[in-house]
There are 2 protein chains.
Amino acid sequence: MKNINQVYPKDSSPCNCMNIRRASRAVTQFYDEALKPSGLTISQMGLLRHIKVTEMITISDLAKMMRIDRTTLNRNMKPLDDAGLLVIRSGEDSRTRQISLTDEGKVAVDNAWKMWGEAQSSLKEYLGKEDLGKLTQLLAKLEAIIP
Amino acid sequence: MKNINQVYPKDSSPCNCMNIRRASRAVTQFYDEALKPSGLTISQMGLLRHIKVTEMITISDLAKMMRIDRTTLNRNMKPLDDAGLLVIRSGEDSRTRQISLTDEGKVAVDNAWKMWGEAQSSLKEYLGKEDLGKLTQLLAKLEAIIP
DNA sequence: TGCGAATGAGTGTATATGCACACAATAAAC
DNA sequence: GTTTATTGTGTGCATATACACTCATTCGCA
């Protein structure tokens with residue numbers, strides 16, 4: 001099967017956005033596969049880990065930190081809340097919600113963390129230290145393309 | 001607001017997967033913003049463009065080419081089909097479906113293409129030719145981390 | 001202190017993503 | 001030629017993503 005880049009007319013170039021979206025899907029599947037025994041996706045583990053290292057953060061602040069839409073974050077918490085891995089309380093300012101992990105949530109993160117480590121190491125080995133460093137730098141810059 | 005990388009314990013490293021997912025979201029929003037007047041998302045334009053350069057391709061082949069799940073592709077076509085931008089016919093092998101653009105679809109792609117060009121150029125200028133080349137190479141390798 | 005502005009959160013809607021499963025049609029084996 | 005394996009597609013389900021809009025609460029100021 002030909003890649004789209006081989007069939008594009010010569011006067012055009014492959015879409016950088018589709019390139020990163022494809023790579024993102026592939027890497028996500030790679031990590032999800034590694035995390036499978038934990039019952040968490042990489043997205044969920046990432047969210048839980050953010051909550052763990054910033055106890056009692058509000059939804060908006062957490063969204064800013066993760067650079068994800070506030071409403072997306074809100075919905076992503078739903079299955080984790082249902083599973084009893086996190087709790088959502090009203091803060092002093094009753095507009096805010098304070099998010100924190102339950103004991104069960106902490107256990108789940110610690111468990112998934114080991115599998116995550118395997119995937120992380122595996123990717124590092126796959127790309128090589130130098131390329132991984134460059135990639136990290138480039139992704140950070142890309143992320144900053146929007147305010 | 002602190003970045004998660006600044007609050008992680010020293011003995012851990014930031015997640016490469018979350019890094020690429022964040023960057024992917026940002027770049028997607030950047031392109032979607034540029035494509036806004038066209039009424040298409042970058043994902044939709046990418047799909048339509050693939051169909052345009054490979055007239056009468058089947059769903060499975062298109063999915064392989066785009067490296068996207070077959071069922072995801074199937075559903076992504078829905079709004080474009082509803083909008084009359086593409087047609088789905090049964091192939092000679094009656095298990096298959098032949099996808100092609102309508103005239104309206106071709107016009108929509110050509111229109112969005114101009115706006116895409118702006119975003120593409122803008123990103124190239126933002127990263128610089130050298131870094132963009134390196135990025136493209138790294139993304140291609142990442143994509144190949146899964147079969 | 002009371003009113004308008006700003007902030008934090010939730011919901012409706014729509015698209016994107018992929019796994020598990022089911023079904024129909026073709027291809028392969030015998 | 002019939003049976004079996006393979007292939008191409010569709011659907012149910014669950015999660016991920018973000019925009020537009022609404023609502024409640026707090027803040028700032030006159």
Side-chain angles (χ1 to χ4, degrees), chain A residues 1 17-18 20-33 35-36 39-48 57-83 85 88-99 146, chain B residues 1 17-18 20-33 35-36 39-48 57-83 85 88-99 146:
Chain A
M1 175 58 49
C17 187
M18 296 303 279
I20 194 171
R21 288 173 64 89
R22 279 200 314 278
S24 176
R25 287 196 300 268
V27 174
T28 297
Q29 283 173 49
F30 179 75
Y31 275 76
D32 278 350
E33 179 63 31
L35 283 176
K36 211 168 187 177
L40 294 177
T41 64
I42 183 60
S43 167
Q44 294 171 335
M45 200 209 71
L47 172 51
L48 291 177
I57 195 171
T58 67
I59 294 180
S60 287
D61 282 349
L62 185 53
K64 279 174 200 156
M65 178 181 286
M66 295 181 69
R67 289 189 66 92
I68 198 172
D69 189 89
R70 179 184 59 77
T71 66
T72 299
L73 175 60
N74 199 18
R75 290 180 153 100
N76 288 355
M77 289 193 301
K78 181 75 167 47
L80 302 172
D81 188 18
D82 291 346
L85 303 182
I88 308 175
R89 299 191 194 85
S90 276
E92 281 186 32
D93 179 340
S94 68
R95 288 172 304 182
T96 66
R97 302 285 178 275
Q98 300 286 336
I99 316 298
I146 58 169
Chain B
M1 176 57 49
C17 186
M18 296 303 279
I20 194 171
R21 287 172 65 89
R22 279 200 314 279
S24 177
R25 288 197 300 268
V27 174
T28 297
Q29 284 173 48
F30 179 75
Y31 275 76
D32 278 350
E33 178 64 30
L35 284 176
K36 211 168 188 178
L40 294 177
T41 64
I42 182 61
S43 167
Q44 293 172 335
M45 201 210 70
L47 171 52
L48 291 177
I57 195 172
T58 67
I59 295 180
S60 287
D61 282 349
L62 186 52
K64 279 173 201 156
M65 179 181 284
M66 296 181 68
R67 288 189 67 92
I68 197 172
D69 189 88
R70 177 185 59 77
T71 66
T72 298
L73 175 59
N74 198 17
R75 288 181 219 276
N76 288 356
M77 288 193 300
K78 181 74 165 54
L80 302 172
D81 189 18
D82 291 346
L85 303 183
I88 309 175
R89 298 191 196 84
S90 275
E92 281 186 33
D93 179 341
S94 68
R95 288 171 302 183
T96 67
R97 302 285 177 274
Q98 300 286 337
I99 316 299
I146 57 170

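Since we're looking at a predicted model, the values are computed, not measured. Protein chains get the first letters and strands the later ones, always in sequence-line order, with residue 1 at the start of each. FYI, side chains are in, hydrogens and waters are out, and symmetry mates aren't considered; it's all heavy atoms of this structure.
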**Q** Can you check whether A/S94 has a side-chain N or O nearer than 4.0 Å to OP1 or OP2 of C/dG8?
**A** no

**Q** Give the rounded distance in Å between these two atoms: CD1 of A/I146 and P of D/dC19.
**A** 8 Å

**Q** Could you tell me whether A/T71 contacts a base, only the sugar-phosphate backbone, or nothing, with contacts defined as non-hydrogen atoms closer than 4.0 Å?
**A** base

**Q** Show your reasoning for whether side chain to side chain contact (heavy atoms under 4.5 Å, CB included) applies to B/N74 and B/R97.
**A** CA-CA 10 Å; B/N74 198 17; B/R97 302 285 177 274; over 6 Å; no

**Q** Heavy atoms under 4.0 Å, any strand shown: does A/T28 hit a base, just sugar-phosphate, or nothing?
**A**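 Nothing: the residue A/T28, judged by heavy atoms under 4.0 Å, touches no strand.
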
**Q** Using only heavy-atom distances, decide whether a donor-acceptor pair under 3.5 angstrom links the side-chain of A/S60 to the base of C/dG8.
**A** no

**Q** Can you check the A/D69 CG to C/dG12 P distance for me, whole Å?
**A** 16 Å

**Q** Quick one: B/I59 CD1 to D/dT9 P, roughly how many Å, whole number?
**A**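 It works out to 5 Å between those atoms.
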
**Q** If you apply the rule side chain to side chain contact (heavy atoms under 4.5 Å, CB included), what do you find for B/R67 with B/I146, and how did you get there?
**A** CA-CA 10 Å; B/R67 288 189 67 92; B/I146 57 170; 3.8 Å; yes

**Q** Taking the nucleotide of DNA chain C with the closest heavy atom to each, which residue, A/R25 or A/R95, is nearer the 5' end?
**A**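 Closest to the 5' end, via its nearest nucleotide, is A/R95.
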
**Q** Using a heavy-atom cut-off of under 4.0 Å over every strand shown, decide if B/S43 touches base, sugar-phosphate, or nothing.
**A**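 Since only primed, P, OP1 and OP2 atoms lie under 4.0 Å of B/S43, the category is sugar-phosphate.
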
**Q** Confirm from the modelled atom types if A/R70 and D/dA18 form a donor-acceptor pair under 3.5 Å, side chain to base only.
**A**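 No, no donor-acceptor pair under 3.5 Å.
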
**Q** Please report the distance, rounded to the nearest Å, between CG in B/N76 and C1' in D/dT17.
**A**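 It is 13 Å, rounded to the nearest whole Å.
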
**Q** A side-chain contact here means heavy atoms from C-beta on lying under 4.5 Å apart; do A/L62 and A/L47 qualify?
**A** yes

**Q** With nearest nucleotides of DNA chain C determined for B/T41 and A/K36 from heavy-atom distances, which residue corresponds to the more 5′ nucleotide?
**A**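 Residue closer to the 5' terminus by nearest nucleotide: B/T41.
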
**Q** Tell me: CD of A/Q44 to P of D/dT15, nearest whole Å?
**A**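 One finds 7 Å between P of D/dT15 and CD of A/Q44, rounded.
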
**Q** Give, for atom CG of B/L40 and atom CE of B/M45, the distance between the pair rounded to the nearest 0.5 Å.
**A** 8.0 Å

**Q** So what does B/T72 hit on the nucleic acid, given a heavy-atom distance under 4.0 Å: a base, only sugar-phosphate, or nothing?
**A**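 Here B/T72 touches the bases of the nucleic acid.
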
**Q** Nearest whole angstrom, please: distance from the P of D/dT17 to the CE of A/M77.
**A**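 Distance, rounded to whole Å: 14 Å.
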
**Q** Think A/N74 has a side-chain N or O under 4.0 angstrom from the OP1 or OP2 of C/dG10?
**A**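 Yes.
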
**Q** Could one point to a donor on the side chain of B/R75 or the base of D/dG12 with an acceptor on the other under 3.5 Å away?
**A** yes

**Q** Within this structure, what is the CE-to-C1' distance between B/M65 and D/dG8, rounded to whole angstrom?
**A**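 These atoms are roughly 17 Å apart.
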
**Q** Need one value for A/D93: base, sugar-phosphate or nothing, where a base atom within 4.0 Å counts as base even if backbone is also close, heavy atoms only.
**A**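 Since only primed, P, OP1 and OP2 atoms lie under 4.0 Å of A/D93, the category is sugar-phosphate.
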
**Q** Just wondering, do A/T96 and A/D61 contact through their side chains at under 4.5 Å, heavy atoms?
**A**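 A side-chain contact is absent here, since even the closest heavy-atom pair is not under 4.5 Å.
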
**Q** Whole angstroms only, please: what is the CG-C1' distance between B/L62 and C/dT17?
**A** 16 Å

